[in-house]
J.: 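Before I ask anything, let me first share the structure, which is written out below as structure tokens.
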Amino acid sequence: MSSSKLALYTQKMKEICAAVAARDLETVLGYFDDECVVVNGASGTVGDKSALLPGFEEMFETFPDWTPRVATSFLEGDTVGVLFEVTGTAGGSGPKVTWIGTGYSTFDPETLKIVRDVYYMDEAALEQKISDSGLVG
């Protein structure tokens, strides 16, 4: 395992998180190859790069201050596995909610763009946190 490769790919993931926090989706999408395969591990859907935008927009609508942070990362080949700590204020005025998510991003080592992105989140637990916050009935 190359610690320099892990550091490089983890830095890219941190840059993506910073762009998400800044609501700069153009920059976020720039980290993904145009032919990127995107897998939503929670729903089992597979799409392409265009599948990313609706997911980001939905999270911004639900949590206007949605902010992911890389908590830890691991490397296998050119795939970095990331545990994210995520925070957001439910509905923009509710309580701040914190949850975890995981992602597996495979990088092209030449272009340093993500060519395969798989993410998982316990959506039921997050929905319960939103419900507990009083945002939904």
Side-chain angles (χ1 to χ4, degrees):
M1 174 176 9
S2 168
S3 61
S4 62
K5 188 187 287 189
L6 174 61
L8 176 62
Y9 292 168
T10 299
Q11 180 58 40
K12 294 292 181 188
M13 299 307 294
K14 289 178 178 181
E15 291 169 7
I16 292 169
C17 288
V20 167
R23 304 301 178 261
D24 184 354
L25 292 182
E26 184 176 331
T27 295
V28 170
L29 294 176
Y31 284 91
F32 293 84
D33 187 85
D34 289 339
E35 303 300 318
C36 181
V37 174
V38 177
V39 180
N40 179 331
S43 69
T45 58
V46 178
D48 59 14
K49 183 176 176 176
S50 68
L52 293 167
L53 198 54
F56 285 121
E57 290 171 344
E58 180 181 355
M59 290 304 291
F60 291 147
E61 185 177 314
T62 306
F63 299 99
D65 59 346
W66 174 48
T67 305
R69 179 185 73 81
V70 173
T72 192
S73 58
F74 302 90
L75 183 70
E76 175 60 39
D78 286 307
T79 300
V80 64
V82 177
L83 177 67
F84 295 98
E85 177 186 56
V86 189
T87 59
T89 305
S93 61
K96 180 137 330 224
V97 179
T98 301
W99 67 97
I100 59 173
T102 59
Y104 304 92
S105 299
T106 303
F107 284 84
D108 177 319
E110 299 297 318
T111 65
L112 297 180
K113 292 199 180 248
I114 297 170
V115 295
R116 181 174 175 82
D117 191 62
V118 182
Y119 59 94
Y120 299 90
M121 177 177 61
D122 185 345
E123 292 181 357
L126 179 56
E127 288 174 13
Q128 184 62 50
K129 285 185 178 205
I130 295 168
S131 178
D132 291 348
S133 76
L135 182 62
V136 295

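None of these values were measured; they are calculated from a predicted model.
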J.: In the hydrophobic clustering that connects Ile, Leu, Val, Met, Phe, Trp and Tyr at side-chain heavy-atom distances below 4.5 Å, which members other than Tyr104 occupy its cluster, ordered by chain and number?
T.: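 Val37, Val39, Val46, Val118, Tyr120, all in the cluster of Tyr104.
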J.: Test of understanding: with side chain to side chain contact (heavy atoms under 4.5 Å, CB included), list the residues that count as partners of Ile100, not counting sequence neighbours.
T.: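 Result, side chain to side chain contact (heavy atoms under 4.5 Å, CB included) vs Ile100: Leu83.
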J.: With sequence neighbours excluded, what pairs up with Asp65 under the side-chain hydrogen bond (donor to acceptor under 3.5 Å, both in side chains) test?
T.: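 In terms of side-chain hydrogen bond (donor to acceptor under 3.5 Å, both in side chains), with neighbours along the sequence ignored, Asp65 is linked to Thr89, Lys96.
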J.: I need the Leu112 CG to Tyr9 OH distance, nearest 0.5 Å.
T.: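 Going from the CG atom of Leu112 to the OH atom of Tyr9 covers 6.0 Å.
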J.: Cut-off 3.5 Å, side chains only: do Ser105 and Asp117 have a donor facing an acceptor?
T.: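 Result is yes, a qualifying pair exists.
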J.: Could you tell me whether the side chain of Tyr31 reaches within less than 4.5 Å of the side chain of Thr27, counting heavy atoms only?
T.: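 Yes; the side chains approach each other to less than 4.5 Å.
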J.: If two hydrophobic side chains count as joined below 4.5 Å and joins carry through other members, does Val115 share a cluster with Leu8?
T.: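 Each belongs to a different hydrophobic cluster.
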J.: Closer than 4.0 angstrom, basic N to acidic O: yes or no for Lys49 and Asp34?
T.: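 A salt bridge is present here (some side-chain N lies under 4.0 Å from a carboxylate O).
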J.: Tell me, yes or no, whether the heavy-atom count around Glu61 atom CD, taken from other residues, nucleotides or ligands under 6.0 Å, exceeds 12.
T.: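 Not more than 12 within 6.0 Å, no.
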J.: How many angstroms lie between atom CG of Leu25 and atom CZ of Phe60, to the nearest 0.5 angstrom?
T.: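 Between atom CG of Leu25 and atom CZ of Phe60 there are 4.5 Å.
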J.: Does Glu35 CD have over 12 foreign heavy atoms under 6.0 Å away?
T.: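 Not buried by this count: 12 neighbours or fewer within 6.0 Å.
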J.: Once you round to the nearest 0.5 Å, how far does OG1 of Thr10 lie from CD of Glu15?
T.: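 Reported value, rounded in 0.5 Å steps: 11.0 Å.
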